[in-house]
Amino acid sequence: DESETAMLTTLRSSLAAPIVAVGLIVSGLFLIGLWSLNAGAAVTHGTLVPESPRSDVPLVLDGNVRAHAQVGDRIFVGGDFQQVELIDGTVITQPYLFAYDIDTGVLDPNFRPVLNKLVRALEPTPAGDGLYVGGLFTSWDGAFPMRLAKLDAQGNLDTTFSASANARVQSIAARNDAVFIGGDFTSVSGVSRLGLAALDALTGAVDPGFAIDVESGINGSQLVKTIVLTGDGSTLFVLHYGSTIEGEVREAVAKIDVSGPTATLSGWNVPWSAQQGNRLCWAKLRDMAISPDSSFIVVGGQGADNPPNCDSVLKYATAGESTVNYSWSARMYSSVFSLAVSDTAIYVGGHF
């Protein structure tokens, strides 16, 4: 899994931008038509992105791209790469993170951070005036943010935000007052947190009201793969590798109410083992995305072509407080690595 590119994260951060400004390169792309989306969806395009990606943007020459995010007129790109080729053909060494202008494709010469390890997650602040960064890094321009950092609108480290994780941060979701992180960590800023945590959006202080542990991991030290928030910020969905959460059976996906001062685990649950074929492939789930109107999520992963779960994309309604089965399963025949949803389509990137 870690050798694969998170191919469609560009869409998550860029769907709000003009459609002509979105470019992506994928090894496989499949579109599943949507219907019955609410008219008030947060992102309304009414069309598909172009089939041809832009060629006037910087190219990563080695390693993999793990995340993209848009802040203002800049696209930030993170991963485990070392070298970048500029649009004039010049090759530079710029490990793990860079930014370019969304309109011109020109690399931002003023944003040249020095990191020591990969970037795995990028999430803009809701106001669009900053950026949360997660991954494995433990050094940044001589400072020592441990796997989690916040940048201001200019791309400088925000020193008023201080938080650290003891292992990789895989995914970030943010609202105005809080930032949620998911990953392989067992503590955040010295506070016990298994795979999930909520932090103060300004200071990074660990929220004592969010203590939802992912337990009984089925995938080694990996705990949480992806987290997404509903549009109103009241509910967090978690794609995870624990067989229980807070002592309750929650396979593959969990729903958490974060609308109040104390987070609570929802009764909403997916009977992943019961809906499987002859392969579980739970430990090979790779991504999750939520619709613009927050009415459904989609999940996908690997698994040697064994529908309905493995090498497939499954759709689940987000409403309710009890067992939920998939609305449909789209068989992709080979690996699914990344998902994104607009008002028009579900975009799927992978090895199919």
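The structure displayed is predicted, hence computed values, not measured ones.
- With sequence neighbours excluded, no residue forms a ring pair (Phe, Tyr, Trp, His ring centres under 6.0 Å) with Y316.
- Although no hydrogens or angles enter the test, the distance criterion places a donor-acceptor pair under 3.5 Å between the side chain of D287 and the main chain of L339.
- Of the possible donor and acceptor atoms, none in the side chain of D207 sits under 3.5 Å from a partner among the backbone N and O of L199.
- Separating the OG atom in S312 from the CZ atom in F352 is a distance of 11.0 Å, to the nearest 0.5 Å.
- Contact annotation: the side chain of N269 never approaches that of V249 to less than 4.5 Å [non-hydrogen atoms, C-beta and beyond].
- Side chains of V298 and Y347 form no contact here, defined as non-hydrogen atoms less than 4.5 Å apart.
- Ion pair R331/D305 flagged as a salt bridge, since at least one NZ, NE, NH1 or NH2 atom sits closer than 4.0 Å to an Asp/Glu carboxylate oxygen.
- D184 approaches S221 most closely through the heavy-atom pair CB-O, 3.6 Å.
- Judged as a ring pair (Phe, Tyr, Trp, His ring centres under 6.0 Å), and not counting sequence neighbours, the contacts of F161 are Y132.
- Within the 4.5 Å cutoff, the side chain of I172 has heavy atoms near those of the L148 side chain.
- Contact check for D158 versus N156: no side-chain heavy atoms found under the 4.5 Å cut-off.
- E215 places no side-chain N or O within donor-acceptor distance of the main-chain N or O of G217, the cut-off being under 3.5 Å.
- Side-chain atoms of H240 never come within 3.5 Å of backbone atoms of G182 as a donor-acceptor pair (strictly under, hydrogens ignored).
- Two residues are said to be in side-chain contact when any heavy atoms from C-beta on lie closer than 4.5 Å; I92 and L86 meet this criterion.
- Taking both residues in full, the closest heavy atoms of P58 and I87 are given as N-CG2, 4.1 Å, listed atom of the first, atom of the second, then distance.
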Take T186 and N166 through the side chain to side chain donor-acceptor pair (under 3.5 Å) test and state the conclusion after the steps.
CA-CA 7 Å; T186 57; N166 72 338; 2.8 Å; yes
Please report the C-alpha distance between N309 and Q275 in whole Å, then the side-chain angles of each, then the deciding distance to 0.1 Å, and finally whether the side chain to side chain donor-acceptor pair (under 3.5 Å) criterion is met.
CA-CA 8 Å; N309 288 15; Q275 73 183 23; 3.2 Å; yes
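- The CG atom of L314 lies 10.0 Å from the CD1 atom of I297; values are rounded to the nearest 0.5 Å.
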What's the verdict on ring pair (Phe, Tyr, Trp, His ring centres under 6.0 Å) for F81 and F98, showing C-alpha distance, side-chain angles and the deciding distance?
CA-CA 10 Å; F81 51 82; F98 66 89; 5.5 Å; yes
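- Judged as a ring pair (Phe, Tyr, Trp, His ring centres under 6.0 Å), and not counting sequence neighbours, F185 has no contacts.
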Show which side-chain atoms of residues 253-265 pair as donor or acceptor with protein atoms under 3.5 Å away, not counting sequence neighbours.
unit_1: K255; atom_1: NZ; unit_2: T318; atom_2: O; d: 2.8
unit_1: K255; atom_1: NZ; unit_2: G320; atom_2: O; d: 2.9
unit_1: D257; atom_1: OD1; unit_2: S259; atom_2: N; d: 2.8
unit_1: D257; atom_1: OD1; unit_2: S259; atom_2: OG; d: 2.6

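- Residue V71 is grouped with residue L115 when hydrophobic side chains (ILVMFWY) are merged at heavy-atom distances under 4.5 angstrom, including chains of intermediate members.
- Between the side chain of E251 and the backbone N or O of S273, at least one donor-acceptor pair lies under 3.5 Å.
- Within the model, atoms CD1 of I227 and CD of Q170 stand 10.5 Å from one another, a figure rounded to the nearest 0.5 Å.
- Using a cutoff of 4.0 Å between basic side-chain nitrogens and carboxylate oxygens, D108 and R74 are scored as salt-bridged.
- Looking at S322, its side chain never comes within 3.5 Å of a backbone N or O of W268 through a donor-acceptor pair.
- A 4.5 Å side-chain heavy-atom check between R147 and R168 finds every atom pair outside the cut-off.
- Every residue two or more places apart in sequence or in another chain was checked for a side-chain hydrogen bond (donor to acceptor under 3.5 Å, both in side chains) with D213, and none qualifies.
- No donor-acceptor pair closer than 3.5 Å links the side chain of Q222 to the backbone N or O of K225.
- Scanning both residues, V206 and R193, for their nearest heavy atoms gives CG1-NH2, 3.8 Å.
- Looking only at distances, a side-chain donor or acceptor of Q94 sits under 3.5 Å from a matching main-chain atom of P113.
- Counting only distance, with no hydrogens or angles, the side chain of S216 and the backbone of T244 share no donor-acceptor pair below 3.5 Å.
- Judged by distance alone, the side chain of Y241 and the main-chain N or O of V214 form no donor-acceptor pair under 3.5 Å.
- Here the closest non-hydrogen pair linking Y96 and L118 is CD2-CA, 3.5 Å.
- For D177, the salt bridge (Lys or Arg N to Asp or Glu O under 4.0 Å) test picks out R175, with sequence neighbours left out.
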